[in-house]
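Reviewing the structure listed below.
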Amino acid sequence: MEGKTEDASSTAPKPLTPAQTRLLKRQQELDHWKRYSKQLRSRNLITGLTIGAFVLGLFSYTILSVRQERIMDEIDDEAKTFVMKGPRTGANS
């Protein structure tokens with residue numbers, strides 16, 4: 001029986017050194033990043049496309065609103081010249 005207890009105690013795992021513990025933890029972190037990198041990459045792509053679409057929409061809206069202001073300025077100028085000329089009636093045309 002003494003031989004069996006010695007075998008059991010000799011096969012018991014030895015405590016890890018601090019360097020081995022750090023290495024094991026680093027390997028676990030690498031495995032985690034390998035597993036979730038594809039999911040993270042797709043989330044980043046979706047986020048980037050969403051931000052890009054927002055910026056493009058905001059830029060387009062700004063350009064269109066400025067263009068409408070120019071059109072309104074042209075219409076205002078035409079209205080001013082029309083008022084200056086006066087209304088056309090049968091007597092003064």
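Sorted by first and then second residue, the salt bridge (charged side-chain N to carboxylate O under 4.0 Å, His left out) pairs involving residues 18-29 (not counting sequence neighbours) are Arg26-Glu29. Sorted pairs that involve residues 33-51 and meet salt bridge (charged side-chain N to carboxylate O under 4.0 Å, His left out), not counting sequence neighbours, are lacking altogether.
Interatomic distance, CD1 of Ile51 versus CG of Leu56, reported as 13.5 Å (0.5 Å rounding). Between atom CG of residue Leu40 and atom CG of residue Leu45 there is a gap of 11.5 Å, rounded to the nearest 0.5 Å.
The hydrophobic cluster of Tyr36 has no other members, since no ILVMFWY side-chain heavy atom comes under 4.5 Å of it.
In this structure a side-chain-to-backbone donor-acceptor pair under 3.5 Å is missing from Gln27 to Leu24.
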